[in-house]
Peer 1: 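Before I ask anything, let me first share the structure, which is written out below as structure tokens.
The figures here come from the full heavy-atom set of this structure, side chains too, leaving out hydrogens, waters and symmetry mates. Each chain gets a letter, A, B and so on, in the order the sequences are listed, and its residues count up from 1. A quick note: this is a predicted structure, and the numbers were derived from the prediction, not measured.
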Amino acid sequence: MKLKLHIWRQSAPDVRGGFETIAADNVSAHMSFLEMLDVVNEGLIAEGKEPVAFDHDCREGICGTCGMMINGNPHGPWEGTSACQLHMRAFQDGDEIWIEPWRARAFPVLKDLVVDRSAFDRIIQAGGYVSIRTGSAPDANAVPIGKEWADEAFDAAACIGCGACVAACPNASAMLFTAAKVTQLARLPQGQPERYERVLSMVDTHDSEGFGNCTNHGACQNACPKGISVDYIAQLNRDLFKATLMDRPDEAAV
Amino acid sequence: MRRVAKLYQSSVGKKILMALSGLILFGFIVGHMVGNLKVLSGPESFNAYAEFLRDFGYPLIPHEGFLWVFRIVLLGAVLLHAASAFQLWGTSRSARSGMYRKTVDLSFSYASRTMRWGGVILALFVVYHILHLTTGTVHVDFVAGDVYHNYVVAFQSPIILGFYAVAQAALCFHLYHGLWSVTQTLGASHPKYNPLRRPVAVVLALGIFVGFLIPPVLVATGVVS
Amino acid sequence: MELNANIPEGPIQDKWDNHLFSMKLVNPANKRKYSVIVVGTGLAGAAAAATMGELGYRVQVFTYHDSPRRAHSIAAQGGINASKNYQSDGDSDFRLFYDTVKGGDFRSREANVYRLAQLSGNIIDQAVAQGVPFAREYGGLLANRSFGGAQVSRTFYARGQTGQQLLLGAYQALERQVHAGTCVMHTEQEMMDVVLVDGVARGIITRNIRTGKLERHVADAVVLATGGYSNVFFLSTNAKKCNVTATWRAHRKGAGFANPCFTQIHPTCIPPSGEYQSKLTLMSESLRNDGRIWVPREAGDEREPQRIPEEERDYYLERFYPSFGNLAPRDISSRRAKEMVDGGHGVGELKNGVYLDFKDAIERLGERVISERYGNLFAMYEKITGENPYKTPMRIYPAPHYTMGGLWVDYNLQTTVEGLFAIGEANFSDHGANRLGASALMQGLADGYFIIPMTIGNFLAGRSGGSGDTAHPAFAEAEDGVRERIGNLMGVGGSRSVDSFAIQLGRIMWNECGMERTADGLKDAVRRIGELREAFWADVRVPGKADDLNQELEKAGRTADFLEFAEVMCYDALARDESCGAHYRPEHVTEEGEAKRDDENFAHVAVWEFTGVGREPKLHKEPLAFEYVKLSQRSYK
């Protein structure tokens with residue numbers, strides 16, 4: 001099939017970008033979306049032009065590296081699918097496709113479709129872990145965990161950190177990302193000792209990184225390639241509220 | 001206290017404020033709707049109810065004293081609701097760097113997208129509504145103290161009825177998303193009850209819509225006069 | 001090149017304990033004086049960095065990804081083995097050790113494998129404490145399954161995303177140390193060379209991927225955790241960025257490369273659909289529990305699968321291996337599939353696959369049960385191929401998946417270069433000639449969490465910490481070398497894209513050094529690789545600038561290294577004139593057509609020394625002794 005692509009080109013972070021229209025004439029329905037871009041890039045290289053920079057790695061929907069707005073949809077039109085797993089069967093001959101980078105103040109564009117998502121790492125650094133010393137863990141079966149809780153912790157842990165939630169959110173909020181980690185650890189006994197400090201610290205970092213607030217639109221859940229639920233944001237809100245009411249005496253004096 | 005201050009500063013804190021003030025307003029709306037239904041039991045009953053509101057707690061508190069306290073609380077809630085909405089809107093604007101050339105709407109519903117402008121429309125409606133039926137400034141035949149009369153005369157005009165119906169529809173949308181949103185913001189999330197949150201919001205929002213519109217429709221159709 | 005494995009004295013079960021006691025320790029207060037560079041943030045790298053940081057060393061961590069969480073460990077599906085014996089089905093450290101040595105077809109080092117088995121249980125404890133959501137039973141205890149034909153259920157798993165969950169656990173432990181200030185994270189930095197001062201590894205040269213700037217980093221020791229080299233085949237299940245550069249650069253600086261020809265081919269991947277194919281997707285091996293593998297009996301049969309009657313189908317694995325059937329080991333299933341496709345029995349538009357059919361299983365168990373077991377895999381298959389596996393059989397074909405070979409390391413995981421360590425898939429590891437399912441994650445984490453943090457102390461103790469300086473001429477020399485090489489790549493100004501060379505190299509390697517290697521084919525491959533390398537340096541086109549985010553330049557550097565490395569792989573395959581594990585030389589087969597080992601001449605680790613680009617490398621041998629596991633021939637009849 002033949003397609004008309006409008007791809008965002010931007011040579012550097014502080015340079016004004018714009019759309020470049022490129023014809024993709026030899027597209028097979030069996031190609032993945034990124035393979036289609038590979039072919040386009042081969043064409044650009046042959047013409048002596050710079051290929052389109054885009055992030056990608058595992059190409060099986062788990063590393064979370066790829067991500068781009070495809071006709072206004074983060075990762076394209078297929079539900080629960082990352083851009084690398086999207087196949088050209090989703091399009092028809094003659095289609096026009098607009099391809100844009102994630103846009104959010106906390107995710108500055110580096111080049112073409114590549115953005116800087118390091119803010120996500122800093123949110124995790126703020127508390128997205130259990131402080132356990134290597135080698136001092138108790139036996140793995142010492143604490144039984146009900147299957148339902150373990151399963152729910154898993155559902156929350158399925159996040160791949162791609163940033164589609166931020167890209168889709170009208171407020172550019174990273175609450176779904178933050179809430180997924182908060183909920184995973186809140187569901188497990190191992191996460192309890194640091195539960196409330198964790199949520200305070202992670203939300204604090206979330207805000208200071210320049211992400212917007214959640215206004216319960218739900219676009220994030222619909223955009224998420226892993227189907228992470230906004231119910232976890234409710235969990236985060238509750239934990240944050242509770243953490244606030246749990247002022248400790250030694251802190252009240254500060 | 002430090003943490004309370006911090007909570008307010010955080011984006012979630014502003015949302016909690018938004019949710020709590022919204023809940024106060026929702027409580028008022030329910031009371032207002034139930035009060036309006038008294039129109040159906042005739043002029044004496046309805047006027048007496050209005051009188052009761054003005055004299056509630058009298059003589060312990062002055063004439064209309066309770067009413068003013070109530071009004072101040074409501075005004076406070078409206079201001080908080082609007083102020084947090086405004087602040088959150090500001091954060092969102094700065095967090096979104098530029099819009100997409102092409103967009104697909106991924107929000108849950110039309111209602112969720114229209115909360116902000118819907119809120120502005122509702123605020124304008126409230127101003128008109130006060131000028132219309134509280135102060136009578138824009139009423140065609142306002143008789144101070146005769147609420148029943150004012151009410152019935154107002155809704156004999158199909159234009160006014162239509163206008164109010166549109167406003168109620170806007171309220172219904174606002175509540176549909178707002179009520180679900182309140183549970184989300186206040187963290188009422190439990191795997192067992194989560195599936196109920198949407199339907200409950202629908203029932204409450206529609207209940208308010210229908211409850212408010214029954215009396216004026218009966219007025220307009222001549223059943224109540 | 002001296003190959004001293006430094007295996008501790010004593011009975012095998014006491015070796016590690018004895019070693020822990022005899023190793024020198026660094027005083028806790030002194031640890032902060034020592035700095036360590038860790039390259040790579042997969043399971044091994046992230047775990048090592050987090051643990052060493054926690055111990056008090058100053059750790060500099062490097063990844064070319066935008067976040068440590070993107071490392072390819074994340075894509076591991078199946079699970080992780082541990083000899084916990086939670087199922088009380090007779091498992092033990094010794095049994096896991098025994099299975100691993102035997103599964104590796106007797107080409108691994110007994111002492112290392114035993115230690116791996118001993119540490120396997122600690123990994124599970126550690127991961128659970130971190131909040132890794134392993135599958136559980138209704139009673140709340142951890143669930144296990146039997147994996148890859150093991151006789152005991154010792155595999156722990158987190159749905160089909162075990163690698164993801166374990167990596168996120170290690171990543172979070174690492175980020176905790178970053179927050180604490182003990183680890184400094186350098187993202188988007190690609191290691192271009194290792195720097196040796198007086199023969200000891202003291203630092204690395206990196207290229208900042210965003211800006212193209214070259215940087216020097218100094219430390220008291222360097223740990224490489226940079227994964228495997230399956231992408232030498234271009235099409236593999238590895239992520240697109242996986243490469244050999246870090247280990248190859250170390251090799252050029254003197255680190256011996258061990259058993260490079262031991263590469264594992266996974267039998268159940270989705271076959272390529274066209275010339276543009278960029279990578280292959282693995283479908284979990286568990287599918288073979290219920291699916292039946294077949295091809296049309298008649299070569300060139302173009303009928304749709306449903307129209308081919310039972311008697312015209314060849315269920316070849318069931319025919320060759322009546323007792324194991326469709327569950328025959330990875331290498332055997334892979335080879336047989338290749339044989340079928342090469343014989344003209346291939347299926348699909350490109351005739352490049354075999355069928356994996358669930359029709360019987362669906363009739364027997366119902367669509368619901370099959371969907372519960374494999375629903376997500378079926379959905380993924382349909383996404384990629386557009387075919388519904390409930391209605392039409394899946395098409396599968398083998399693909400390169402894991403590399404057992406890697407930098408040679410001793411018992412302390414130190415390479416032949418002093419101060420340079422290699423962990424995880426980057427070392428030649430504990431898997432011998434064939435890795436068993438669910439043991440890659442185990443090895444990466446054992447190396448990272450429990451081994452390197454101990455053995456590095458032994459190396460550092462007694463050295464003066466923090467004495468390095470990037471102003472040393474060795475750094476300038478290394479940096480100049482890197483700059484010159486980048487300049488050369490940019491300066492060729494030819495007409496062909498980088499990928500066109502990578503694809504061509506991959507094809508040579510797949511055909512001559514893939515599932516089946518012949519002496520003639522390998523000799524020819526060495527010649528063709530040399531020619532291709534020359535063509536690359538004469539005609540590659542790298543657009544853009546060197547001091548900018550330039551993904552073509554990144555690929556060019558990696559491809560250039562693959563073009564050098566591929567030769568040593570072929571030399572190794574040629575020198576190993578036997579068949580063993582995943583290394584199959586058709587000249588050496590049993591009467592039944594299976595791999596035939598030659599223990600008399602090849603019970604050794606082949607370690608290669610670099611002698612110059614395009615020159616035949618020098619072979620060294622570390623003999624392998626088997627005291628605890630009796631040498632025996634595999635049989636799956």
Peer 1: Find the one option among C:Gln130, C:Gln161, C:Arg69 whose heavy-atom pairs under 4.5 Å with chain A are most numerous.
Peer 2: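 Counting heavy-atom pairs under 4.5 Å, the top option is C:Arg69.
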
Peer 1: Which atoms of C:Asp66 come close to chain A, meaning under 4.5 Å heavy atom to heavy atom: side chain ones, backbone ones, both, or neither?
Peer 2: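 For C:Asp66, backbone and side chain are both near chain A.
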
Peer 1: Regarding C:Tyr381 and C:Asn388, is there a side-chain donor-to-acceptor distance under 3.5 Å anywhere?
Peer 2: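 No - no donor-acceptor pair under 3.5 Å links their side chains.
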
Peer 1: At a 4.5 Å cut-off on heavy atoms, which part of C:Glu349 comes close to chain A: side chain, backbone, both, or neither?
Peer 2: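 For C:Glu349, side-chain heavy atoms alone lie under 4.5 Å from chain A.
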
Peer 1: Among C:Leu142, C:Asn122, C:Asn238, C:Ile124, who wins on heavy-atom pairs under 4.5 Å with chain A?
Peer 2: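 The option with the most such pairs is C:Leu142.
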
Peer 1: Please state whether the side chain, the backbone, both or neither of C:Arg176 comes within less than 4.5 Å of a heavy atom of chain A.
Peer 2: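 Both backbone and side chain.
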
Peer 1: Do you know which of C:Thr281, C:Val542, C:Val178 has the most heavy-atom pairs under 4.5 Å to chain A?
Peer 2: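 Highest number of pairs under 4.5 Å: C:Val178.
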
Peer 1: Given that the side chain runs from C-beta out, which part of A:Leu188 has a heavy atom under 4.5 Å from chain C: side chain, backbone, both or neither?
Peer 2: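 Looking at A:Leu188, just its side chain touches chain C.
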
Peer 1: What heavy-atom pair brings C:Leu377 and C:Met283 nearest, and what distance separates the two atoms?
Peer 2: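 Closest pair (atom of C:Leu377, atom of C:Met283, distance): O-CE, 3.2 Å.
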
Peer 1: Counting heavy-atom pairs closer than 4.5 Å to chain C, which one of A:Leu34, A:Asp151, A:Asp38, A:Leu86 comes out on top?
Peer 2: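 It is A:Asp151.
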
Peer 1: Do A:Asp112 and A:Gln10 have a side chain donor and acceptor closer than 3.5 Å?
Peer 2: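 Side chains of A:Asp112 and A:Gln10: no pair found under 3.5 Å.
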
Peer 1: Apply ring pair (Phe, Tyr, Trp, His ring centres under 6.0 Å) to the pair A:Phe33 and A:Phe54, showing each step before the final yes or no.
Peer 2: CA-CA 12 Å; A:Phe33 194 82; A:Phe54 63 95; 8.9 Å; no

Peer 1: Under 3.5 Å, is there a donor-acceptor pair linking the side chains of C:Ser236 and C:Asn231?
Peer 2: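 On atom types as modelled, these side chains qualify, holding a pair under 3.5 Å.
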
Peer 1: Between A:Trp78 and A:His87, how do the two ring planes meet: parallel, tilted or perpendicular, split at 30° and 60°?
Peer 2: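 Correct class here is parallel.
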
Peer 1: Contact part of C:Gln126 toward chain A, heavy-atom cut-off under 4.5 Å: side chain, backbone, both or neither?
Peer 2: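 The answer is both parts of C:Gln126.
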
Peer 1: Side chain from CB out, backbone as N, CA, C, O: work out which of these in C:Phe156 comes under 4.5 Å of a heavy atom of chain A, or both, or neither.
Peer 2: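 Nothing of C:Phe156, per the 4.5 Å heavy-atom cut-off to chain A.
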
Peer 1: With no hydrogens and no angle check, just 3.5 Å: does a side-chain donor-acceptor pair link C:His401 and C:Thr237?
Peer 2: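 C:Thr237 and C:His401 do have a side-chain donor-acceptor pair below 3.5 Å.
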
Peer 1: So for C:Glu275, is it side chain, backbone, both, or neither that comes closer than 4.5 Å to the heavy atoms of chain A?
Peer 2: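 No part of it gets close to chain A.
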
Peer 1: Evaluate whether atom CG of A:Asn26 has more than 12 neighbouring non-hydrogen atoms of other residues, nucleotides or ligands under 6.0 angstrom away.
Peer 2: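 Counting other residues, nucleotides and ligands, CG of A:Asn26 stays at 12 neighbours or fewer.
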
Peer 1: Heavy-atom pairs under 4.5 Å with chain A are the metric here; pick the option from C:Gly121, C:Ser497, C:Ser278 that has the most.
Peer 2: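 Winner by heavy-atom pair count: C:Ser278.
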
Peer 1: Considering only heavy atoms, which portion of A:Leu185 lies under 4.5 Å from any heavy atom of chain C: side chain, backbone, both, or neither?
Peer 2: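 Only the side chain of A:Leu185 comes within 4.5 Å of chain C.
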
Peer 1: So which part of C:Gln77 gets closer than 4.5 Å to some heavy atom of chain A, the side chain, the backbone, both or neither?
Peer 2: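 The side chain, not the backbone.
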
Peer 1: At a 4.5 Å cut-off on heavy atoms, which part of A:Lys181 comes close to chain C: side chain, backbone, both, or neither?
Peer 2: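 Contact with chain C: side chain only.
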
Peer 1: Is the closest side-chain donor-acceptor distance between A:Ser118 and A:Arg122 under 3.5 Å?
Peer 2: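 Yes, side-chain donor-acceptor contact under 3.5 Å.
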
Peer 1: Please flag which part of C:Met380 lies under 4.5 Å from any non-hydrogen atom of chain A: side chain, backbone, both or neither.
Peer 2: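 Contact with chain A involves the side chain of C:Met380 alone.
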
Peer 1: Compute both the distance and the angle, then confirm whether C:Arg558 meets the cation-pi test with C:Tyr64: under 6.0 Å from the six-membered ring centre, within 45 degrees of the axis.
Peer 2: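 That pair qualifies as a cation-pi contact.
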
Peer 1: What part of C:Leu168 gets closer than 4.5 Å to chain A, counting heavy atoms only: side chain, backbone, both or neither?
Peer 2: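 Just its side chain gets close to chain A.
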
Peer 1: Given heavy-atom pairs under 4.5 angstrom as the criterion, report whether the side chain, backbone, both or neither of A:Ser28 touches chain C.
Peer 2: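 Looking at A:Ser28, just its side chain touches chain C.
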
Peer 1: For A:Val143, is it the side chain, the backbone, both, or neither that has a heavy atom closer than 4.5 Å to a heavy atom of chain C?
Peer 2: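 For A:Val143, the backbone is the part near chain C, not the side chain.
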
Peer 1: Identify whether the distance between the nearest side-chain nitrogen and carboxylate oxygen of A:Lys2 and A:Asp95 falls below 4.0 Å.
Peer 2: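 The answer is no: the pair does not qualify as a salt bridge.
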
Peer 1: Checking heavy atoms, do the side chain of C:Thr385, its backbone, both or neither come under 4.5 Å from chain A?
Peer 2: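 When you check distances to chain A, only backbone atoms of C:Thr385 fall under 4.5 Å.
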
Peer 1: Quick check on C:Tyr138 against chain A: is it the side chain, the backbone, both or neither that has a heavy atom closer than 4.5 Å?
Peer 2: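 Contact with chain A involves both backbone and side-chain atoms of C:Tyr138.
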
Peer 1: Can a salt bridge be assigned to the pair C:Arg159 and A:Asp155 using a cut-off of 4.0 Å between side-chain N and carboxylate O?
Peer 2: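 Salt bridge flag = yes for A:Asp155 with C:Arg159.
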
